[in-house]
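Per chain, numbering begins at 1; letters A, B, ... match sequence-line order.
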Amino acid sequence: MTIARDSDENTRNLCSHRQSLRSLMSTANITATQAPVTTIREIGRHEGQAVTIRGWLYNLRESGKLLFPIFRDGSGVIQGVVAKNAVSPEMFDSVKKLTQESSVIVTGKVRADKRAPGGYELDVSDVQVVQPVPESDPFPISLKEHGVDFLMEHRHLWVRTPRQASILRVRAEIIKAARDFFDDRGFILTDPPILTPAACEGTTTLFPVDYFGEQAFLTQSGQLYIEATAMALGKVYSFGPTFRAEKSKTRRHLTEFWMVEPEIAYATLDDLMKLAEEFVAFIVKRALERRRPELETIGRNLAPLEKIDTPFPRITYDEAVKMLQEGHAKGELENRFEWGGDLGSPDETYLSSKFERPLMVHRYPAAVKAFYMEPDPQRPEAALCVDMLAPEGYGEIIGGSQRIGSYELLLKRIREHGLPEDAFRWYLDLRKYGGVPHAGFGMGIERVVTWICGLEHLREAIPFARTLTRIYP
RNA sequence: UCCUCAGUAGCUCAAUGGCAGAGCAUCCGGCUGUUAACCGGAGGGUUGUAGGUUCGAGUCCUACCUGAGGAGCCA
């Protein structure tokens with residue numbers, strides 16, 4: 001039994017309330033030892049029995065001599081019922097005075113009830129208050145709507161709400177699915193460094209770090225490093241955070257986000273596209289199988305997700321350009337797209353809206369893509385690369401390519417891009433000592449979570465989002 | 001970096017250039033099945049900041065600050 005000390009001025013006015021809680025708690029101890037401790041998620045197994053749950057008060061409704069405290073414990077939410085004539089007056093009064101998000105240990109009898117959203121209610125016989133939230137300083141996040149900035153300012157408390165907690169559970173499932181997928185297919189997890197030397201792809205998008213007096217940067221991709229481990233282990237992947245100092249102010253961008261990146265020796269672009277579609281289909285299926293209740297809590301329309309299956313549609317960049325130009329001619333797109341540019345956000349949305357499954361666009365012009373991509377031997381101005389666009393306007397979730405195999409060509413590209421040759425010595429070595437055709441892609445976890453959960457903003461898809469304007473909490 | 005919009009009570013928002021308001025939250029009271037419960041009452045304000053126009057500015061003008069959405073860039 002724990003009780004908060006009177007360490008805060010705000011809690012002083014609670015003293016009389018606290019006195020009654022203390023006397024309540026001396027009897028509560030006995031009850032707590034009699035009933036088995038369970039979680040709300042598992043509570044159905046104890047129908048008709050007295051159980052103890054440990055959690056927080058989510059909300060309290062009352063109707064005269066009936067109280068309806070709603071408890072949450074991280075596994076779920078359940079409504080308790082306290083009738084005035086069924087408990088002691090002290091007990092009734094204590095529950096009546098409970099404040100939102102006070103931590104509580106609750107004992108009661110589990111009863112099936114058709115009116116309850118979760119199927120069960122708890123006839124409360126005892127409540128121990130672990131720490132009361134002071135009346136003078138109530139929990140800031142009410143059940144009513146709030147603005148984005150306010151919620152982000154209170155993210156550490158916002159995560160307690162059912163919707164946010166559900167999103168985090170889906171995220172965890174997606175990450176586990178990604179790891180299971182690669183682990184089960186013989187991929188080896190190799191963690192690339194987060195601190196990297198010198199500039200790799202242009203310093204403006206990198207976060208500089210002082211490394212014992214030397215300039216270093218936070219990684220913006222583990223790809224170059226897992227190309228090295230792929231040459232050692234054949235099939236590898238990495239899963240970790242990446243950092244982009246881009247000044248992007250949109251709902252699709254974070255400055256710190258998590259990526260899954262597989263890299264495979266002796267793989268071609270076609271192998272990569274097959275892997276990517278199987279991977280994404282696997283993740284969607286897993287989320288539907290294991291996190292359906294959470295997706296429903298979030299309010300996700302599951303019908304579009306149920307349609308996700310292999311094979312995914314594939315179009316070349318050239319075909320995409322044709323579609324975009326036709327779209328412009330029909331008045332469905334504002335600007336006419338010309339061959340040679342990278343697809344913009346409205347272009348991606350338009351293209352993916354024509355399909356119910358994720359769309360793979362391949363063979364972009366080499367000029368708009370990264371320096372390490374292998375040119376198409378059939379058409380050297382195009383790169384052997386692929387972007388996967390999620391349906392429903394969620395945009396790019398995967399970017400990948402076959403990597404340049406030739407030492408000479410890679411060196412040429414590094415020079416063309418004005419990159420520091422010295423910093424890439426090790427990367428060039430991979431083409432000097434037994435280079436092979438190889439390919440890989442990166443998938444942004446938050447973008448996938450946003451799509452699968454049907455969210456408006458990427459910042460809800462990660463526990464603590466880092467954006468251009470926010471590094472608190 | 002550019003474009004657009006916003007900033008008023010703890011929160012979400014109203015207020016024709018003319019007395020700064022409502023709902024929620026908090027507190028007090030009522031209700032034996034409430035589902036963001038409901039009903040009655042109370043307290044709660046340097047209208048983002050600094051100037052300006054005006055008899056009078058939350059409202060109009062200028063600058064700045066903060067935030068949001070979008071573009072570019074990207075996953």
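- If you measure from atom CD1 of Ile175(A) to atom C1' of rA75(B), you get 14 Å, rounded to the nearest angstrom.
- rA15(B) sits 30 Å from rA71(B) when the P atoms are compared, rounded to a whole Å.
- As a whole-Å value, the separation of Tyr58(A) OH from rA25(B) C1' is 14 Å.
- Atom CZ in Arg459(A) sits about 17 Å away from atom C1' in rA75(B), given to the nearest Å.
- Computed from coordinates, the Leu66(A) CG to rU32(B) P distance equals 8 Å when rounded to whole Å.
- Going from atom NZ of Lys84(A) over to atom C1' of rG33(B) covers 17 Å, rounded to whole Å.
- Take the nearest nucleotide of RNA chain B for Asn59(A) and for Leu458(A): the residue whose nucleotide is more 5' is Asn59(A).
- rG58(B) and rA6(B) are spaced 14 Å apart, taking the C1' atom of each and rounding to whole Å.
- In this structure, CD of Glu246(A) is placed 9 Å from C1' of rA75(B), rounded to the nearest angstrom.
- For the P atoms, the distance linking rA14(B) with rG23(B) amounts to 16 Å, nearest Å.
- For the P atom pair drawn from rC39(B) and rC24(B), the interatomic distance equals 7 Å after rounding to whole Å.
- Pairing partner, rC27(B): rG41(B), with both Watson-Crick or wobble hydrogen-bond distances short of 3.5 Å.
- The gap from the C1' atom of rG51(B) to that of rC27(B) amounts to 41 Å, rounded to the nearest Å.
- rU32(B) and rA20(B) are spaced 42 Å apart, taking the P atom of each and rounding to whole Å.
- Aromatic ring centres of Phe424(A) and Tyr372(A): separated by at least 6.0 Å.
- Per the geometry, CE belonging to Met443(A) stands 13 Å off P belonging to rA75(B), to the nearest Å.
- Rounded to whole Å, the separation between the P atoms of rU62(B) and rA9(B) comes to 25 Å.
- Note on ring orientation: taking the six-membered ring where Trp is involved, the planes of Phe337(A) and Tyr317(A) are perpendicular (angle over 60°, cut-offs 30° and 60°).
- Taking the nucleotide of RNA chain B with the nearest heavy atom to each of Pro117(A) and Asn85(A), the more 5' of the two is matched to Asn85(A).
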(request) Start with the C-alpha distance between Tyr237(A) and Arg179(A), add both sets of side-chain angles, then the distance that settles side-chain contact (heavy atoms from CB on, under 4.5 Å), and finish with yes or no. (result) CA-CA 9 Å; Tyr237(A) 74 103; Arg179(A) 301 206 37 181; 3.5 Å; yes
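- Rounded to an integer number of Å, the gap from CD of Glu256(A) to C1' of rC74(B) is 16 Å.
- Across rG43(B) and rA63(B), the matching C1' atoms stand 38 Å from one another, rounded to whole Å.
- Residues Arg244(A) and Glu256(A) are not paired through a salt bridge, judged by the lack of any N-O separation under 4.0 Å between the basic side chain and the carboxylate.
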